Amino acid sequence: AAAFAAALGLLLSLTTLLTGFVHPFVVRAGAPIDQPIAETPTDLYRVPVNGGGSQRLTVTPDEWEAHPDTAPRGGGVAFARGQLNDFRVYTDALNGSDPLRLDPREVHQDGPVFAPDASKIAFWAELNAPVATAGPATPAPGPGSTTQPPPLDITGLAIWIFTYSPTHGTSEPLHQVGGEGVEDWSPDGTTLCGWTVAGGSFDIATWDVATGAAQKFCYGCFRCRVRG
């Protein structure tokens, strides 16, 4: 059997050499690097931890949806929606029936993270818009334009916190130095951790939710999670 397999391999190689064709047992993996990678809009799905019985939550053929975070105890989901580098932050029910936009400012927003008690959502947004208190959450609009904005300048990002009330919510800036993004809350809801960037270098920092005071503690780092 081994001799037969060796002979077959030699025969196929010789055939390839003589004819210029790739024999049927060769699989091409990858693609030439000069071919652009197609980017297609994405939707949200709810998938059990065992991987079965997935449920599609959104259908937005002209918009991307990314970076979801599920509320503690399954009370909903927060996510970013829009064109690449021009997202807005939304929340929705876990069955996709109630999409609401949190902040009406027309700036790029992303990275929503629920507080441990689900009363607040931290996210980051661009600074190039007037600082103003956001109004009530509004229903999500239909699919928008597919025009691509210029690349995002992450040095112009700041951290905001959306706070729920019984009928609506408001967004307030926590820290507006620039080049900042949020990653996680502390278990007691008093501190945020995230990243800052200056001079092309990422560092990890924490922010006091009550005062906005920042403290760096890991230089040359990017991702963080808080554990009790």
Side-chain angles (χ1 to χ4, degrees), residues 66-72 76-91 100-138 149-165 168-228:
H67 310 142
D69 186 50
T70 305
V77 61
F79 58 95
R81 166 186 284 174
Q83 301 305 308
L84 293 179
N85 293 339
D86 194 25
F87 287 143
R88 305 294 183 267
V89 172
Y90 289 80
T91 60
L100 293 174
R101 180 173 163 183
L102 295 190
D103 188 315
R105 294 173 305 131
E106 295 300 331
V107 295
H108 181 61
Q109 305 161 2
D110 204 346
V113 184
F114 278 100
D117 63 358
S119 66
K120 298 179 175 65
I121 295 176
F123 61 97
W124 46 260
E126 287 182 292
L127 286 170
N128 60 352
V131 177
T133 301
T138 56
L152 177 66
D153 178 11
I154 61 176
T155 63
L157 304 176
I159 296 174
W160 290 67
I161 293 181
F162 178 88
T163 302
Y164 288 100
S165 74
H168 63 280
T170 57
S171 295
E172 299 287 347
L174 175 70
H175 211 247
Q176 299 186 86
V177 172
E180 300 168 322
V182 64
E183 293 275 344
D184 201 9
W185 292 77
S186 63
D188 61 4
T190 63
T191 305
L192 287 169
C193 81
W195 48 264
T196 68
V197 60
S201 175
F202 283 91
D203 304 317
I204 294 299
T206 59
W207 292 269
D208 185 286
V209 173
T211 66
Q215 179 180 358
K216 291 186 180 181
F217 65 92
C218 181
Y219 295 87
C221 307
F222 182 60
R223 304 304 298 269
C224 69
R225 288 293 181 268
V226 181
R227 297 293 179 264

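Bear in mind that the values here come from a model prediction, so they are computed numbers and not experimental data. Scope of the values below: all heavy atoms of this structure, side chains included, with no hydrogens, waters or symmetry mates. Position 1 is the first residue of the sequence; numbering continues from there.
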Indicate the atoms forming the closest heavy-atom contact of [X] with [Y], along with that distance.
X: Q109; Y: A125; result: CG-CB, 3.8 Å
X: A78; Y: I121; result: CB-CD1, 4.0 Å
X: P68; Y: V77; result: CB-CG2, 3.9 Å
X: D203; Y: G220; result: OD1-N, 2.9 Å
X: W207; Y: W195; result: CH2-O, 3.8 Å
X: F87; Y: H108; result: N-ND1, 2.7 Å

Sidechain-backbone polar pair: [X] side chain, [Y] backbone, donor-acceptor under 3.5 Å:
X: D69; Y: F114; answer: yes
X: Q215; Y: T206; answer: no
X: E126; Y: V107; answer: no
X: H67; Y: F79; answer: no

*Below 4.5 Å, heavy atoms only, C-beta onward: do W185 and V113 meet side chain to side chain?*
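Yes, their side chains come closer than 4.5 Å.
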
_Quick one, F162 with T91, criterion side-chain contact (heavy atoms from CB on, under 4.5 Å). Give me CA distance, side-chain angles, the key distance, then yes/no._
CA-CA 11 Å; F162 178 88; T91 60; over 6 Å; no

Rounded at 0.5 Å granularity, tell me how far [atom1] in [X] sits from [atom2] in [Y].
X: W124; Y: E183; atom1: CH2; atom2: CD; value: 10.0 Å
X: I204; Y: F217; atom1: CD1; atom2: CZ; value: 6.0 Å
X: L102; Y: T170; atom1: CG; atom2: OG1; value: 11.0 Å
X: T163; Y: K120; atom1: OG1; atom2: NZ; value: 5.0 Å

*Give a yes or no on whether a salt bridge exists between R101 and E106, defined as a side-chain N under 4.0 angstrom from a carboxylate O.*
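Salt bridge: yes.
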
*Stepwise side-chain contact (heavy atoms from CB on, under 4.5 Å) test for I161 and E172*: CA-CA 6 Å; I161 293 181; E172 299 287 347; 5.9 Å; no

*asked:* Using a strict SG to SG cutoff of under 2.5 Å, would you count C224 and C218 as disulfide-linked?
replied: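 Their SG atoms do not fall under 2.5 Å; no disulfide, then.
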
*asked:* Applying salt bridge (charged side-chain N to carboxylate O under 4.0 Å, His left out), can you list everything that pairs with D184, at least two apart in sequence or on another chain?
replied: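 With neighbours one apart ignored, the set is R227.
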
*Partner of S186 by side chain to side chain contact (heavy atoms under 4.5 Å, CB included), out of V226, L192, V209*: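 It is V226, the one option of V226, L192, V209 that forms the side chain to side chain contact (heavy atoms under 4.5 Å, CB included) with S186.
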
